[in-house]
Amino acid sequence: MAILNILRYPDARLHKVAKPVTEFGDRIHKLVADMAETMYDAPGVGLAASQVDVHEQLVIIDTSDTKDQLRVFINPAIVWASAEKQVYDEGCLSVPGIYDGVERPAQVKVSAFDADGQPFELEADGLLAVCIQHEMEHLLGKVFVDYLSPLKRNRIKAKMLKEGRGIEREAALKAAGRRF
């Protein structure tokens, strides 16, 4: 297993639309394992393949307190969403340190395939419903900050770019053997 690089907003690759997974097997199992290790290390409760620059329709989620209930959704589709809405303060591994309220359907029913290519359906509410919708939107090239006002989005973009330059500088100094 390996920890993968998580793309950071406003990286343009986060806006690519993911393609359906057409073949199941060892490659998908390895990608799921690497994504899980990455998500747990970050730490997070969900991760879309798009966030690790693999533009295929694959999402993993684990909302359990014990971090031992990994769910895999391949080629997911929401087949039903409730008319009732809820607002959750959402965060994202691609937008670290930023949280804001996003309104979404309170309940959803999703159909997908597991890592072995077996189809399933799942009804979800609460945090799981929010995570499913949030991660599936990554597959469509959307990030939760797209729901925020242009002013908030621009502030977040400026902050992420500034932090990114600091991270790049730190990595360059470390690579050059310098202490900082």
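Small disclaimer: the values here were computed from a predicted structure and weren't measured. Note that these values count all heavy atoms, side chains included, but never hydrogens, waters or copies made by symmetry.
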>> Let me confirm one number: the CD1-CD1 distance from Ile98 to Ile156, rounded to the nearest 0.5 Å.
In response: 5.0 Å
> So do the side chains of Phe73 and Ile132 get within less than 4.5 Å of each other, counting heavy atoms only?
Replying inline: yes
>> Can you confirm whether Met35 sits close enough to Gln51 that some side-chain heavy atom of one is under 4.5 Å from a side-chain heavy atom of the other?
In response: no
>> With a 4.5 Å cut-off on side-chain heavy-atom distances among I, L, V, M, F, W and Y, is there a chain of contacts connecting Ile61 to Leu139?
In response: yes
>> Which heavy atom of Pro20 sits nearest to which heavy atom of Asn75, and what is that distance?
In response: CA-OD1, 3.2 Å
> Would you call Glu56 and Arg27 a salt bridge, using N to O less than 4.0 angstrom?
Replying inline: yes
>> Would you compute the distance between atom NE2 of His138 and atom OG of Ser94 and round it to the nearest 0.5 angstrom?
In response: 5.0 Å
>> For Leu151, is there any backbone N or O sitting under 3.5 Å from a side-chain donor or acceptor partner on Asn154?
In response: no
>> Walk me through whether Arg71 and Glu135 qualify under salt bridge (Lys or Arg N to Asp or Glu O under 4.0 Å).
In response: CA-CA 12 Å; Arg71 297 174 188 260; Glu135 299 305 335; over 6 Å; no
>> Side-chain heavy atoms nearer than 4.5 Å, only ILVMFWY residues, links allowed to pass through others: does that put Met136 and Leu128 together?
In response: yes
> Just wondering, are more than 12 heavy atoms of other shown residues or ligands nearer than 6.0 Å to CZ in Phe120?
Replying inline: yes
> After noting the C-alpha distance and the side-chain angles of Val32 and Leu70, does the key distance pass the side-chain contact (heavy atoms from CB on, under 4.5 Å) rule?
Replying inline: CA-CA 10 Å; Val32 166; Leu70 185 70; 4.2 Å; yes
> Are Val54 and Ile3 linked, directly or through other ILVMFWY residues, by side chains that come within less than 4.5 angstrom of each other?
Replying inline: no
>> Pair Val102, Gln133 - check side-chain contact (heavy atoms from CB on, under 4.5 Å), show working.
In response: CA-CA 11 Å; Val102 176; Gln133 294 171 82; over 6 Å; no
> Looking only at heavy atoms, what is the nearest atom pair of Leu14 and Ser50, with distance?
Replying inline: CD2-O, 4.4 Å
> Has Asp26 got more than 12 heavy atoms of other residues, nucleotides or ligands less than 6.0 Å from its CG?
Replying inline: no
>> Does any part of the side chain of Gln86, heavy atoms only, come nearer than 4.5 Å to the side chain of Val130, both counted from C-beta?
In response: yes
>> Starting from Leu122, can I reach Phe113 by hopping between I/L/V/M/F/W/Y residues whose side chains sit under 4.5 Å apart?
In response: no
>> I'd like to know whether NZ of Lys19 has more than 12 heavy-atom contacts from other residues, nucleotides or ligands below 6.0 angstrom.
In response: no
>> Testing the basics here: between Leu93 and Ile6, what is the closest heavy-atom pair and its distance to 0.1 Å?
In response: O-CG2, 3.7 Å
> Is there a path from Ile60 to Ile28 through hydrophobic residues (I, L, V, M, F, W, Y) whose side chains come within less than 4.5 Å of each other?
Replying inline: yes
>> Please report the interatomic distance SG(Cys92) to CG(Asp100), rounded to the nearest 0.5 Å.
In response: 13.0 Å
> If every non-hydrogen atom of Val108 is compared with every non-hydrogen atom of Ala81, which pair is closest and at what distance?
Replying inline: CG1-CB, 4.2 Å
> Taking all atoms of both residues into account, what is the closest heavy-atom pair of Asp68 and Asp62, and its distance?
Replying inline: N-OD2, 3.1 Å
> With a 4.5 Å heavy-atom cut-off, do Arg104 and Tyr88 have their side chains touching?
Replying inline: no
> So, for Val45 and Met39, which heavy atoms are closest and what is the spacing to 0.1 Å?
Replying inline: C-SD, 3.5 Å
>> Less than 4.5 Å apart, side chain to side chain, heavy atoms only: is that true for Leu161 and Pro10?
In response: yes
> Between His15 and Tyr9, what is the ring plane arrangement, given parallel below 30°, perpendicular above 60°, and tilted in between?
Replying inline: perpendicular
> Knowing that exactly one of Leu4, Leu58, Leu7, Asp34 qualifies, which makes a side chain to side chain contact (heavy atoms under 4.5 Å, CB included) with Val52?
Replying inline: Leu4
>> With a 3.5 Å distance limit and no angle check, can you tell me whether Glu37 reaches the backbone of Ala33 through a side-chain donor-acceptor pair?
In response: no
> How far does NZ of Lys16 sit from NE2 of His55, to the nearest 0.5 angstrom?
Replying inline: 4.5 Å
> Does the Asp114 side chain pair with the main chain of Val72, one donor and one acceptor, at a distance under 3.5 Å?
Replying inline: no
>> With rounding to the nearest 0.5 angstrom, report the CZ to CD distance, Phe24 to Gln118.
In response: 9.0 Å
>> For a quick check under 3.5 Å, do Glu137 and Tyr147 share a side-chain donor-acceptor pair by atom type?
In response: yes
> Given the rule in the side-chain contact (heavy atoms from CB on, under 4.5 Å) test, do Lys159 and Glu163 qualify, once you have shown the distances and angles that lead to the verdict?
Replying inline: CA-CA 6 Å; Lys159 180 180 181 182; Glu163 287 178 6; 2.9 Å; yes
> Roughly how far, to the nearest 0.5 Å, is OG1 of Thr22 from CD of Gln57?
Replying inline: 10.5 Å
